[in-house]
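Read the structure below first, then the notes.
Order of the sequence lines sets the chain letters (A, B, ...), proteins ahead of strands, with each chain counted from 1.
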Amino acid sequence: EPEVTQTPSHQVTQMGQEVILRCVPISNHLYFYWYRQILGQKVEFLVSFYNNEISEKSEIFDDQFSVERPDGSNFTLKIRSTKLEDSAMYFCASSEWYSYEQYFGPGTRLTVT
Amino acid sequence: GESVGLHLPTLSVQEGDNSIINCAYSNSASDYFIWYKQESGKGPQFIIDIRSNMDKRQGQRVTVLLNKTVKHLSLQIAATQPGDSAVYFCADVSGSARQLTFGSGTQLTVLP
């Protein structure tokens, strides 16, 4: 069964450093999303991406964040200058154009020290 | 602001019993809801969905009930098994990009 993959599984970085989290959505999906989950809390929407542009973003997704689909398979989330409060699990998700069902990847645990 | 929330943070049931997990929502305009299961260290996994024009939907061992009058939905798991132990989230779909708004989750523990 096709699945969303994410790399790395765990990223440790120092405050102020840039990080790039990578995702490979399911191949025929057209909607792509990033969510984050701070330890012990609920999953929060960050950004959605469709037709090569951001379609929606939350208040969390400020100027320090950016997304890119550099080729036909990868979808990346970049945090320009990480803060301690960026420490969380980051999930990528994708869905087909006709369905609301989103398929989630296993997540990347980001630890900012 | 609008939110989706859950009544109880934890629920323990005996193996073989039925489980009921509840969720309340506040957005009257919500018209599509999804239940997700999240096992430790994994991403959320789709369980079942329901549209606002339905009151009930059944899947394999799971049933979702929607009461629009009181803005409440529930997930019923029949004959709960150890593999059902996980955190369960309800979510509603909103926005032009169909993003999910998640509730805070209920940890289901299945006792032997």
Side-chain angles (χ1 to χ4, degrees), chain A residues 1-7 9-10 21 23-26 29-61 67 88-109, chain B residues 1-10 21 23-27 29-54 57 59 62 64 66 73 86-107:
Chain A
E1 185 175 325
E3 58 183 19
V4 176
T5 60
Q6 291 185 244
T7 55
S9 56
H10 191 191
L21 310 183
C23 169
V24 179
I26 295 173
H29 286 187
L30 298 180
Y31 286 86
F32 312 113
Y33 306 85
W34 283 101
Y35 293 84
R36 80 170 185 191
Q37 184 178 33
I38 295 171
L39 185 63
Q41 298 186 23
K42 61 184 179 182
V43 178
E44 300 173 288
F45 168 74
L46 291 179
V47 66
S48 59
F49 194 85
Y50 172 73
N51 201 26
N52 287 319
E53 61 183 18
I54 291 174
S55 46
E56 291 275 350
K57 58 183 181 180
S58 71
E59 294 174 353
I60 303 168
F61 195 87
V67 289
M89 281 289 285
Y90 287 81
F91 293 105
C92 173
S94 67
S95 67
E96 295 169 292
W97 69 270
Y98 58 83
S99 173
Y100 288 168
E101 182 178 345
Q102 293 180 24
Y103 293 79
F104 283 77
T108 292
R109 178 169 298 284
Chain B
E2 304 291 5
S3 66
V4 180
L6 292 173
H7 291 300
L8 296 172
T10 62
I21 301 170
C23 180
Y25 63 95
S26 58
N27 184 0
S30 296
D31 62 0
Y32 187 85
F33 303 90
I34 306 177
W35 280 99
Y36 278 90
K37 171 186 180 182
Q38 187 178 25
E39 296 175 279
S40 182
K42 296 184 179 180
Q45 179 185 4
F46 174 93
I47 301 174
I48 192 168
D49 58 359
I50 189 167
R51 291 191 176 274
S52 61
N53 61 354
M54 303 170 70
R57 188 155 191 233
V62 294
V64 55
L66 175 63
L73 66 160
V87 178
Y88 290 81
F89 295 95
C90 63
D92 73 339
V93 177
S94 62
S96 59
R98 310 180 297 183
Q99 62 265 31
L100 299 170
T101 301
F102 282 85
S104 51
T106 292
Q107 171 72 59

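For A:F104 and B:F46, the ring centers sit 6.0 Å or farther from each other.
Looking at A:S9, neither its backbone nor its side chain comes within 4.5 Å of chain B, counting heavy atoms on both sides. Neither the backbone nor the side chain of A:T108 comes within contact range of chain B; no heavy atom of the residue lies under 4.5 Å from a heavy atom of that chain. Within the 4.5 angstrom heavy-atom criterion, only side-chain atoms of A:Q37, from C-beta onward, approach chain B. Looking at B:I34, the atoms closer than 4.5 Å to chain A (heavy atoms on both sides) all sit in the side chain, from C-beta outward.
Chosen from A:F91, A:F45, A:Y100, the residue pairing most often with chain B at heavy-atom distances under 4.5 Å is A:Y100. Among A:Y103, A:F49, A:Y33, A:Y50, the residue with the largest count of heavy-atom pairs under 4.5 Å with chain B is A:Y33. Between chain A and the residues B:Q45, B:Q99, B:K42, the most heavy-atom pairs under 4.5 angstrom are made by B:Q99.
Summarising the geometry, atom CG belonging to B:L100 is positioned 8.5 Å from atom OG belonging to A:S95; distances are rounded to the nearest 0.5 Å.
In this structure, B:R98 contributes its side chain and A:E101 its backbone to no donor-acceptor pair below 3.5 Å.
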